[in-house]
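The block underneath contains the structure these notes are about, expressed in structure tokens.
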Amino acid sequence: MKKYIVALDQGTTSSRAVVVDASGAVVAAHGIEFPQIYPKPGWVEHDPQQILSSQVEALRQAVKKAGIAPEEIAAIGITNQRETTILWDRKTGKPVCNAIVWQCRRTAEEIERLKAEGAEPMIREKTGLVPDAYFCATKIQWILRNVPGARVAAQAGELLFGTVDAWLIWNLTREHVHVTDVSNASRTMLFNIHTLAWDDELLERMEIPRAILPEVVDSSGVIGTLDKEILGAEIPIAGIAGDQQAALFGQACFDRGMVKTTYGTGGFLLMQTGEEAVASQNGLLTTVAWRMGGRTEYALEGSVFVAGAVVQWLRDEMKLIGSAAESEAVALSVPDTAGVYLVPAFTGLGAPYWDMYGRGTLVGLTRGAGRAHIVRAALEAIAFQTADVMEAMARDSATPLSQMRADGGASANEFLMQFQADILGVPVVRPAVTETTALGAALLAGLAVGFWESREQVRAIWRAEKVFQPKFVEDERAARLKQWHRAVLRAMRWAE
Ligand code: ADP
């Protein structure tokens, strides 16, 4: 009777719903884009009602496409764009203003102030995060300070805060449950990842009343029932995780040291570190991966600011390729980059360099260098940057890398995947189901309701589609990395 799990994947640009069967295969999926709102330079907002309505519509369409009855759905899992902040009225359900999206920089100055006041070590120690405007804390503070009446209402217990998971769940559940899971809570910069509780010192410092915060629950467990109005059936909502953590779970990275990289516009790397919250010496973030069955597992997180975006740049600004996919054939049309290195530090350099003044650089040009060499160098740069973050993770966790699991749009590029394996010196594995984020949410929900019995069973569901074996001998790998690091040095501190 219960043959499917549905994952709701609420992303930054679209809301998706994915129907998964017991073998982990995607039966049907439907995505709906919604508007991005840019009120001022550097500001990014979403309309919470559009997030909700697009997500509900995606759910209905996916179920329709799958041709299944709602009664056949065993559970729903939710995964979401992280850190995006919403405050709404407990009684009316009306948001007090638009959602402030994770990318929004409006609170950058507040972060500078926190750092100037010396709060960084305390914040890092408690939350695992490097203070940044990405996270919810300063966004909530901004709303309470700037939306008329918000602070008074919050103090009177009339307002609720949530990341997108909490907003969706409050609206989708019959009971109007106000919860978030540990993985989402760990991105608020208000949550102590060691004690797994909201932190009074941080709340006080940010002037945020505790009454607005959701209850923090496990990532896998029944937390409420889908309102019958939505699909015509009552279905348990049983899994929640932030998008990157869900992808880590969907890649079945269940053991300490396992790593996944999502190659999207940016690159997102997460390493599972088991029950230990590893503090980074290299500017990586420590975050909760998930909590289930009384066990909390952690991850180290690092990102590459410009990954697939460099391919978009080749296409849109440089007009060197007609489509992202064409980059592969162009790169393979030459045997190497002829000594050309491209450092796409368009917005500075992230881990392990942390140089906001770095800028894009093209070095090693000779008279014979051409379009194909530059395209190839751009793809290689995605792999080099990923290798740099990976190296930092391996050092922080004192765990040598054994393989890397890849997903995201640019993981379709075979040249990139092969070069990544070559430069890491370990196999890169691409899974059969590339919707790893949705799959992760589905797995968390399915495990909670007994649709799947155990993680071991789920481990067997994950299957590799292709394994890219490293081909470089160690000397060659070291020589290439050395050249890359020389190129990075030339890109550093350029804008200073
Ligand atoms: P996001 O979720 O960040 O929008 P996606 O996972 O959809 O990203 O991936 C899109 C990114 O991947 C784009 O930046 C695009 O340039 C890049 N991309 C897509 N296909 C390829 C390809 N075959 N080779 C290289 N890059 C690609």
Side-chain angles (χ1 to χ4, degrees), residues 7 9-16 18 26 29-36 44 46 54 58 79-84 101-103 134 164 242-248 250-251 260-270 301 303-333 337 342 344 346-347 350 360 371-372 374-386 405-421 428 430-431 433-441 465-466 468:
D9 180 359
Q10 206 302 307
T12 308
T13 56
S14 71
S15 298
R16 292 176 62 72
V18 180
V26 173
H30 193 81
I32 297 174
E33 287 195 16
F34 59 87
Q36 307 292 311
V44 191
H46 291 156
S54 60
T79 178
N80 55 290
Q81 53 167 321
R82 302 178 302 174
E83 298 126 13
T84 296
V101 177
W102 59 274
Q103 297 150 323
Y134 279 139
V164 169
D243 52 11
Q244 297 307 322
Q245 287 94 332
L248 188 69
Q251 285 276 29
K260 72 90 197 172
T261 299
T262 302
Y263 296 87
T265 311
F268 287 94
L269 289 84
L270 263 75
E301 175 170 331
S303 58
V304 169
F305 298 157
V306 176
V310 74
V311 179
Q312 292 168 1
W313 177 76
L314 292 176
R315 184 193 60 194
D316 302 338
E317 261 65 48
M318 303 305 285
K319 318 268 187 227
L320 292 182
I321 48 175
S323 68
E326 195 196 344
S327 64
E328 181 174 335
V330 174
L332 286 168
S333 71
T337 68
L342 173 64
F346 301 148
T347 54
R371 161 184 177 248
I374 293 172
V375 170
R376 189 173 172 120
L379 292 177
E380 289 191 358
I382 299 175
F384 280 126
Q385 296 179 95
T386 303
R405 296 185 169 182
D407 53 57
S411 73
N413 191 305
E414 307 254 325
F415 169 77
L416 172 62
M417 293 295 100
Q418 183 57 51
F419 188 77
Q420 186 71 79
V428 170
R430 199 167 58 191
V433 176
T434 49
E435 293 241 30
T436 55
T437 308
L439 181 61
E465 176 254 332
K466 189 160 178 180
F468 298 85

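Note that ligands are numbered from 1 as they come in the structure, with each ligand's atoms numbered from 1 the same way. The chain is numbered in sequence order, starting from 1.
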* For Ser327, counting its heavy atoms only, list the atoms of ligand 1 lying under 4.0 Å from any of them. => 24 (N), 25 (C)
* Quick one: which residue pairs count as a salt bridge (Lys or Arg N to Asp or Glu O under 4.0 Å) with a foot in residues 306-327, not counting sequence neighbours? => Glu326-Arg371
* With atom 12 (O) of ligand 1 as the reference point, say which of Ala410, Ser411, Ala325 has the nearest heavy atom. => Ala410
* Find the distance between OG1 (Thr386) and CD (Gln420) and round it off to the nearest 0.5 Å. => 4.5 Å
* What protein heavy atom is closest to atom 22 (C) of ligand 1, reported as residue, atom name and distance in Å? -> Ala324 O, 3.7 Å
* Are any non-hydrogen side-chain atoms of Phe305 and Gln385 less than 4.5 angstrom apart? -> no
* To do: Only heavy atoms count here, so choose which of Ser323, Gly408, Gly264 is nearest to atom 11 (C) of ligand 1.
  => Gly264
* Drop me the distance from Leu416's CG to Arg376's CZ, to the nearest 0.5 angstrom. => 11.5 Å
* **Contact with ligand 1 for Gln312, non-hydrogen, under 4.0 angstrom** => yes
* **Any protein heavy atom < 4.0 Å from atom 2 (O) of ligand 1** => no
* Structure fact -> Looking only at protein heavy atoms, what sits closest to atom 25 (C) of ligand 1 is Asn413 ND2, 3.5 Å
* For Thr265, counting its heavy atoms only, list the atoms of ligand 1 lying under 4.0 Å from any of them. => 1 (P), 3 (O), 4 (O), 8 (O), 14 (O)
* Asked: Hey, is the main chain of Pro35 close enough, under 3.5 Å, to the side chain of His46 for a donor-acceptor pair?
  -> no
* Nearest-neighbour protein heavy atom for atom 16 (O) of ligand 1, which is reported as residue plus atom name and distance -> Gly308 O, 3.1 Å
* Minimum-distance pair of heavy atoms, taken over all atoms of Ala7 and Ala441 -> CB-CB, 4.2 Å
* Side chain Arg430, main chain Ser411, donor-acceptor under 3.5 Å -> yes
* For Ala309, atoms of ligand 1 separated by under 4.0 Å from a heavy atom -> 14 (O)
* Is Gly409 close to ligand 1, meaning an N/O of one under 3.5 Å from an N/O of the other? -> yes
* Indicate, with yes or no, if the rings of Phe268 and Tyr263 have centres closer together than 6.0 Å. => no
